[in-house]
Amino acid sequence: MHRDMDAYEPQAIERKWQEVWDQADAYVTPNPDDPAHAEARKAYVLEMLPYPSGELHMGHVLNYTLGDVVSHHRRRTGWSVLRPMGYDAFGLPAENAAIRDGGHPREVTNRNISAIRRQIKRMGWSIDWTREVGTHEPEYYRWTQWLFLKLYDMGLAYRKQAPVKWCPKDQTVLANEQVVEGRCERCGTEVETRNLEQWMFKITDYADRLLDDMALLESWPERVLTMQRNWIGRSEGGEILFRIEEFDEDVPVFTTRPDTLFGATFFVLAPEHPLVERFAELADNGEEIRAYARHAAAKKSEERAANEDKTGVFTGFYATNPVNGAKIPIWVADYVLMDYGTGAIMAVPAHDDRDYAFAEKFGLDITHVIRPADGEVADGVAYVSSSPTDVLVNSGAFDGLSSPDAKSKIVEDLEGRGLGKQTINFRLRDWLLSRQRYWGCPIPIVHCASCGVVPVPESELPVLLPEIEDYVPKGKSPLAAAEDWVATTCPSCGGPASRETDTMDTFVDSSWYFLRYTDPTNDQAPFGRDVVDYWLPVNQYIGGIEHAILHLMYARFFTKALYDAGLVGFKEPFARLFNQGMIYRYGAKMSKSKGNVVSPDELIERFGADALRLYILFMGPADQDKEWQDTGVEGTHRFLQRLWRVVHEDLDREPTGVTTGTPLARKAHETILRVGDDIERRFVFNTPVAAVMELVNEISRTPDDPASRFAVETAVSLIHPYAPHIAEELWERLGRERLWAEPWPVADESQLVKDTVELVVQVNGKVRDKITVATGLPEADLIATARASEKVQAHLGGAEPKKTFVVPDKLVSFVV
RNA sequence: GCCGAAGUGGCGGAAUUGGCAGACGCACCGGACUCAAAAUCCGGCGCCUUCGGGCGUGUGGGUUCGAUUCCCACCUUCGGCACCA
């Protein structure tokens, strides 16, 4: 054993190297002097910024270690790497903590940021700390406000009195996306509906581009694209007008199946539809209709959806089918939703499950108008599926047309008579961004009695959050209590006016932070155009699947809006996206309530950050969910100790300078190839660890191989992105320096060619022998060698093989 | 119900283009060292076996000389969406 060998003490060396990197500005990447003409290969490696809860969890550890390996590898292969960090620092938890424990949300947040920053630094991730941002800092949210006003100028931010989802516990409005199964995403409370004046972003204007520009993305997980596509929910169809004589009015319905128009046997209005009240006034059963509508509105959307049994009430009135003049009964039923399409439908029970169930229950007519090409459908059964070969029946002049032809022909016919048109409907709703809470970015708007809604002038930004005493929400924003702050003068007419008291959804803050990182101290603009165009799009974005829809779609929307505003020169923010899998323990997601959380701090204490970093990636494919093993970190710690020992043992040997031509040298070159290929091309991170472990095992098995120093240096160099502290320390002890800037090893191709290979011989598909043969033998020689084997002969039974297959340098397969 | 992902030893996982299933690690078993233990090192470790071999990657089928890998059907688990006309 090396006489100077001291024990491997992670705590000491990790602290030491974190300081060295810091002093050397090892990971600081200044912007190029002239970004517009910069030539260096740039790589923007970004992980989703953390919400500063005060405690780093395993999801963070995986997320940022993953990004760290990519960053180190890119740097050492000659890229200029941007790798920033920041905090998504506004939001409810800090405000709730302030309400619960006293103090100011800002103090709570800053305390949490300090705590999580300390933990982040302990992990030794290679971050450019000069670019750190917090979305709650006035220097940041000034520009969030500026961008809001930009969108306002573009007509993309508007106010709307709307029924909104309201969480009675958090006392705030929720975006559609924050309602999960009728409950508040955050606290699980059942959601109510309220009418409030709300700020909205017109994301629906970008629905088509959000779909079409997916083609511009370099590499996104297919499931994320699918989720976004479903969320946008584009569907092509027709808007068709049904006449209601009593009101002398044409009521539009949306349908994707205009080909079934002749089969419309009744008409249904959503309970919230404005016409419902007018029917109630005229109808004999007006009270019954009103009661039904009231009852349906009061029901939770969850109940409404879960209720398999259809309910509804007949109005006593009829609508006229524009295609054949048929009078069909008008019903009110809660299976029709006011916020999709037009809030009214034509019901075609013969070809729609829901309409069928309703018709069955209330004894309404069912008329088949579509027949599959190869058969009849029995009466009384809905034929719901559709095929391009389906044919129309009972449809007057359109009989015999195929279903797709009829779709366009019928709409064309109606269009000619002003009774219908082609339309496209989206499930996507506009983004409701108002929040009636304190701890968020103030909306920079003033309300003036004479001028109306007036934007705060750019020169007066930021609109600072006022200091208030009481954060408890009372159905309106806590900001309303800051009367001195609310009272202001109108920027337009100078008269008395009041400030907007809502704050912004925190998703607004995180919809542009990746742009701010490129130019974090700019006090003239949110970012410079040249710099942002130089760094963006993000080359590799890494984060959890939970942001598949909301954050990622909002950020894409923002980028497109800023592109239209001429502020950025790219249409998509994230070229490549990678979603890390979730980590489970005892079969469940780690959470405080389940008591199955593992604290990174404790593990760092016991085994060091390097061992934790190594294990979190070694445990399995980064993109898959996997089970945490309590002994895992101990295992990787053991490996690092082994590496430590192997290096010190080698220090006792005289270096030979041999880097080729020995079995160990070959193993080292193979490992270089494997690790590089896995990280770069395959984007897998668990197998490189296994490869380096194999190399280290090989070194300790063959201590007398002349290439041992080369193998040792290779192992240290390759493990560096995973375990940078120990790698730097060992590198130094090997008499080298600055491993972080050391070029990534390159495999010598000539060393990868082997002299001999193990030839597998199969008879009837079963392996019967393995023979060591020289590399590159011609097929005939391989066959001869294989047939010479006694084991093979025993299975051939003296017979001549009927067929023989040869894979050069690999395998011979006989069939008898 | 619809869409998507995944099912491989006791456990996490590997097998990159259809060619040796189980790399690497954990756990476990045996041995060395030790008064002893820990640590470390060496060896073993899918199941069955008459020791020839047979079986084996969720289940059943198919294609192929050959399938964890490709195709069809099904089962299970997880995730997303869900009365979206």
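As the structure is a computational prediction, the values presented were derived from the model and not from experiment. Numbered from 1 within each chain, the chains take letters A, B, ... in sequence-line order. Keep in mind that the numbers below use all heavy atoms, side chains included, and drop hydrogens, waters and symmetry copies.
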Ring geometry between A:H547 and A:H551 (parallel below 30°, tilted from 30 to 60°, perpendicular above 60°):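 Taking A:H547 first and then A:H551, their aromatic rings stand perpendicular (interplane angle over 60°).
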Whether A:F578 and A:F685 hold their rings parallel, tilted or perpendicular, with breakpoints at 30° and 60°: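 Aromatic pair A:F578/A:F685 classed perpendicular.
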Using atom [atom1] in both nucleotides, what's the gap between [N] and [M] to the nearest angstrom?
N     : M     : atom1 : value
B:G4  : B:A85 : C1'   : 24 Å
B:A21 : B:A67 : P     : 10 Å
B:C41 : B:C33 : C1'   : 8 Å
B:U8  : B:A14 : P     : 11 Å
B:G44 : B:G22 : P     : 14 Å
B:G13 : B:A6  : C1'   : 14 Å
B:G54 : B:A73 : P     : 34 Å
B:U59 : B:C75 : P     : 15 Å

Please tell me which of the listed nucleotides, [options], lies nearest to the side chain of [X]?
X      : options             : result
A:K766 : B:A15, B:G54, B:G12 : B:G54
A:R674 : B:U16, B:U40, B:C78 : B:U16
A:R223 : B:G4, B:G13, B:A82  : B:G4
A:D625 : B:U16, B:U40, B:C78 : B:C78
A:L811 : B:A85, B:G19, B:C65 : B:G19
A:K626 : B:A85, B:G25, B:G13 : B:G13

Indicate whether OP1 or OP2 belonging to [N] is found under 4.0 Å from a side-chain N or O atom of [X].
X      : N     : value
A:N686 : B:G12 : no
A:R682 : B:A15 : yes
A:R701 : B:C42 : no
A:S235 : B:A85 : yes
A:R642 : B:C41 : yes
A:K803 : B:C65 : yes
A:R638 : B:A27 : yes

cation_pi(A:K310, A:F358) dist<6.0 Å, angle<=45: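 No, A:K310 and A:F358 do not form such a contact.
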Could you tell me the separation between the [atom1] atom of [X] and the [atom2] atom of [N], rounded to a whole number of Å?
X      : N     : atom1 : atom2 : result
A:F266 : B:A85 : CZ    : C1'   : 11 Å
A:N230 : B:A82 : CG    : C1'   : 10 Å
A:F254 : B:A85 : CZ    : P     : 7 Å
A:I771 : B:C20 : CD1   : C1'   : 13 Å
A:N579 : B:G80 : CG    : P     : 13 Å

Heavy atoms from other residues, nucleotides or ligands near CZ of A:R229 exceed 12 (cutoff 6.0 Å):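 Above 12, so yes.
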NA contact type, [X], heavy-atom cut-off 4.0 Å: base, sugar-phosphate, or nothing?
X      : answer
A:S813 : base
A:P801 : nothing
A:E634 : nothing
A:T636 : nothing
A:E694 : sugar-phosphate
A:N697 : sugar-phosphate
A:V684 : nothing
A:R768 : sugar-phosphate

Earlier contact from the 5' end, RNA chain B, for A:T226 and A:M619: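 This one resolves to A:T226.
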Nearest-nucleotide comparison on RNA chain B, the residue closer to the 5′ end among A:H795 and A:N764: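 Comparing both residues, the 5'-ward one is A:H795.
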Near-ring test A:W431/A:F507, centroid separation under 6.0 angstrom: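 No, the ring centres sit 6.0 Å or more apart.
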Check: A:H795 ring centroid to A:F814 ring centroid under 6.0 Å: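 No, they do not, as the ring centres are separated by 6.0 Å or more.
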Is [N] paired to anything, Watson-Crick or G-U wobble with both distances less than 3.5 Å, and if yes, which nucleotide?
N     : value
B:C28 : B:G44
B:A73 : B:U59
B:U17 : none
B:G1  : B:C81

Sidechain N-carboxylate O distance under 4.0 Å for A:K667, A:E694: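 Here A:K667 pairs with A:E694 in a salt bridge, since their nearest N and O are under 4.0 Å apart.
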Ring-base stacking, A:Y335 with B:C83 (5.5 Å, 30° cut-offs):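 Stacking between A:Y335 and B:C83: absent.
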Side-chain (A:D809) to main-chain (A:T775) donor-acceptor, under 3.5 angstrom: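 No, A:D809 side chain to A:T775 backbone: no donor-acceptor pair under 3.5 Å.
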Minimum heavy-atom distance A:V276-A:A293, with the two atoms named: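 Between these two residues, the closest heavy atoms are CG1-CB, 4.2 Å.
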